[in-house]
Participant: 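Following this message is one structure expressed as structure tokens.
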Amino acid sequence: PPSLSSPGTGKSTTASLIADALDMEHIDVGKLVKAQARKREERRRGGWCGGAGRSPPRPATAATIDVCRSGRERASARVGDAGPPHHRQPPPPPVSQGLHDGHDAAADALILDEDKVVDALEPMLAAGGAVVDHHGSDFFPERFFDLILVLTTDTATLWDRLAARGYAEAKVRENVQCEIMRVCADEAIAAYPAAAVTVAPSDTVEDMEANVDAAVEWAGAWSKREGG
């Protein structure tokens with residue numbers, strides 16, 4: 001399953017905790033895109049070569065949360081086919097495979113190339129056992145995930161969190177507006193079967209712990225049901 005939510009809702013921390021609890025791989029799409037951008041730049045300058053080996057296959061169960069798309073930051077979370085952040089790191093896609101279409105200065109974000117991101121994730125998720133974390137969800141194939149966890153946060157709390165990160169006021173306002181309009185939740189509900197989508201509050205540490213516990217419980221039930 002994946003996790004989807006706006007920036008500041010705690011999606012990356014939640015995804016990391018779920019991955020640790022389930023001994024899965026944590027794939028942060030935003031970090032993946034930025035890492036590929038850095039590698040491409042280093043390669044152009046002649047300062048990078050090499051790669052990483054593929055980890056052995058893992059049983060399925062994951063959580064997802066997303067990053068920036070189309071010049072806007074939006075968040076979402078799913079639980080379904082990923083793995084632990086600290087135990088296993090996903091093999092990177094080829095350096096030649098750029099995952100963005102440039103930088104949106106107004107949003108101060110890379111513009112995600114959704115098709116290339118999907119192509120890059122396909123082999124990384126083939127074996128299952130991963131937690132994917134990104135802001136948006138509707139461009140991922142339905143087959144990628146079994147559970148979509150959308151995290152929501154009180155807008156006053158969200159404003160304070162984003163301001164504390166040093167975001168420009170316009171960027172804070174845009175993300176809070178997306179939260180008010182339930183952009184991430186509505187995207188997930190429109191793109192996936194109702195039974196696969198869970199919308200949960202993420203205002204406090206207690207909320208986060210409850211969400212992690214619920215995802216772990218869901219993964220255990222899924223594994224039994226699927227005979228894993």
Side-chain angles (χ1 to χ4, degrees), residues 1-33 55-67 73-91 117 121 124-138 140-153 157-158 161 184-185 187-189 191-193 195-226 228:
S3 288
L4 313 171
S5 336
S6 302
T9 56
K11 67 184 184 305
S12 293
T13 301
T14 301
S16 178
L17 291 171
I18 291 170
D20 277 337
L22 295 173
D23 191 27
M24 290 184 167
E25 178 182 328
H26 174 203
I27 301 174
D28 183 326
V29 175
K31 288 184 178 179
L32 180 67
V33 172
S55 301
R58 298 281 301 185
T61 305
T64 306
I65 304 174
D66 17 59
V67 179
E73 282 195 326
R74 304 201 300 202
S76 311
R78 302 178 175 185
V79 180
D81 278 344
H86 304 302
H87 304 293
R88 296 185 298 124
Q89 291 301 316
V117 168
L121 288 177
M124 299 166 72
L125 299 180
V131 173
V132 181
D133 138 24
H134 188 54
H135 303 310
S137 61
D138 59 342
F140 292 113
E142 187 178 319
R143 67 180 182 279
F144 271 14
F145 308 111
D146 299 297
L147 171 68
I148 295 83
L149 173 61
V150 183
L151 304 178
T152 64
T153 298
T157 300
L158 184 61
R161 289 177 183 175
C184 295
E187 276 188 359
I189 290 169
Y192 299 92
V197 180
T198 296
V199 180
S202 184
D203 295 319
T204 65
V205 171
E206 291 75 19
D207 288 340
M208 182 176 293
E209 291 172 347
N211 292 332
V212 172
D213 289 344
V216 170
E217 183 179 352
W218 173 89
W222 182 93
S223 184
K224 289 181 180 179
R225 186 173 65 250
E226 298 297 320

Participant: Keeping the roles fixed (side chain from Asp207, backbone from Thr204), state whether a donor-acceptor pair exists under 3.5 Å.
Facilitator: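 Such a contact is found between Asp207 side chain and Thr204 backbone.
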Participant: Just by distance, do the side chain of Asn211 and the backbone of Pro201 share a donor-acceptor pair under 3.5 Å?
Facilitator: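 Yes: the side chain of Asn211 pairs with the backbone of Pro201.
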Participant: Would you name the heavy atoms of Val199 and Ala185 that are closest together and state the gap between them?
Facilitator: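 Val199 and Ala185 have their closest heavy atoms at CG2-CB, 4.2 Å.
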Participant: Could you give the distance from CD1 (Ile148) to CD (Glu187), rounded to the nearest 0.5 Å?
Facilitator: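 With rounding to 0.5 Å, CD1 (Ile148) is 12.5 Å from CD (Glu187).
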Participant: Identify the heavy atoms of Ala219 and Leu22 that sit nearest to each other, and give their distance.
Facilitator: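 That closest heavy-atom pairing would be CB-CD1, 3.7 Å.
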Participant: Please report the interatomic distance SG(Cys184) to CD1(Ile189), rounded to the nearest 0.5 Å.
Facilitator: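 It is 11.0 Å, given to the nearest 0.5 Å.
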Participant: How close do Val150 and Ala188 get, heavy atom to heavy atom, and via which atoms?
Facilitator: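 Val150 and Ala188 have their closest heavy atoms at CG2-CB, 3.7 Å.
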Participant: Enter the distance from Leu32:CG to Leu121:CG here, rounded to the nearest 0.5 Å.
Facilitator: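 Output value for this atom pair is 6.5 Å.
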Participant: Identify the heavy atoms of Pro7 and Leu158 that sit nearest to each other, and give their distance.
Facilitator: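 Looking at all heavy atoms of both residues, the shortest contact is O-CD1, 3.0 Å.
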Participant: Do Val29 and Phe140 pass the side chain to side chain contact (heavy atoms under 4.5 Å, CB included) test, and can you show the C-alpha distance, the side-chain angles, and the key distance before you say yes or no?
Facilitator: CA-CA 12 Å; Val29 175; Phe140 292 113; 4.3 Å; yes
Participant: Any idea which heavy atoms bring Glu142 and Ala191 closest together, and the distance?
Facilitator: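 Heavy atoms only, the tightest pair is OE1-O, 4.3 Å.
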Participant: For the residue pair Asp203 and Thr157, what are the closest heavy atoms and their distance?
Facilitator: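 Looking at all heavy atoms of both residues, the shortest contact is O-CG2, 4.4 Å.
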Participant: Return yes if some donor-acceptor pair links the side-chain N/O of Ser202 with the main-chain N/O of Thr9 below 3.5 Å, else return no.
Facilitator: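 Side chain of Ser202 to backbone of Thr9, a donor-acceptor pair under 3.5 Å: yes, one is there.
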Participant: Roughly how far, to the nearest 0.5 Å, is the CE atom of Met208 from the CG atom of Leu17?
Facilitator: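 Going from CG on Leu17 over to CE on Met208, the span is 6.5 Å.
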